[in-house]
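Taking it in order: structure first as structure tokens, then the write-up.
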Amino acid sequence: MRVIAELPHPDCKITLFSMNQKYIIKLEKGTFEQIYKISELDIPKGVNGVFQLLDSDFIKSAAERFNQMRIDFSQAYKRYDENNI
């Protein structure tokens, strides 16, 4: 797997990888990650097409998902902590 690009964004770190004729899009915020895979054949414009795919609506939705992931994990950890005291 090789890094093709890193996209600066205030909401999360975005890294684009290439592996086995697939683009792998990794979004990171703190300890959480979201990973999306898409065939290179499905993006005829190459890396520029991937950049177009990651529009503001997608990033906004991913940021909301990160918030929900944080809430879900915090609640699960709280339940764990309560059961293991």
Under a 3.5 Å cutoff, is there a donor and acceptor pairing between the side chains of D72 and Q68?
yes

Between S74 and R70, a side-chain donor and acceptor under 3.5 Å
no

Heavy-atom pair of closest approach, residues [X] and [Y]:
{"X": "K29", "Y": "D11", "result": "CD-O, 3.3 Å"}
{"X": "R65", "Y": "Y36", "result": "NH1-OH, 3.0 Å"}
{"X": "Y23", "Y": "V50", "result": "CD1-CG2, 3.6 Å"}
{"X": "E40", "Y": "S18", "result": "OE2-OG, 2.8 Å"}

Got a second to check how far [X]'s [atom1] is from [Y]'s [atom2], nearest 0.5 Å?
{"X": "K37", "Y": "D42", "atom1": "NZ", "atom2": "CG", "result": "14.5 Å"}
{"X": "I43", "Y": "F51", "atom1": "CD1", "atom2": "CZ", "result": "12.0 Å"}
{"X": "M1", "Y": "T15", "atom1": "CE", "atom2": "OG1", "result": "10.0 Å"}
{"X": "I4", "Y": "M19", "atom1": "CD1", "atom2": "CE", "result": "11.5 Å"}
{"X": "I25", "Y": "L53", "atom1": "CD1", "atom2": "CG", "result": "5.5 Å"}

Do L7 and L16 have side chains that approach each other closer than 4.5 Å (heavy atoms only, starting at C-beta)?
no

Heavy-atom side-chain proximity of F73 to T31 below 4.5 angstrom
no

According to a hydrophobic-cluster definition based on side-chain heavy atoms being under 4.5 Å apart (Ile, Leu, Val, Met, Phe, Trp, Tyr only), do [X] and [Y] belong together?
{"X": "L54", "Y": "V47", "value": "yes"}
{"X": "F17", "Y": "I38", "value": "no"}
{"X": "F32", "Y": "I24", "value": "no"}

Is it the case that more than 12 heavy atoms not belonging to Q21 sit under 6.0 Å from its CD atom?
no

Around F58, counting heavy atoms of other residues, nucleotides and ligands shown, do more than 12 lie under 6.0 Å from its CZ?
yes

Salt bridge (Lys or Arg N to Asp or Glu O under 4.0 Å) filter on E33, not counting sequence neighbours, yields K26

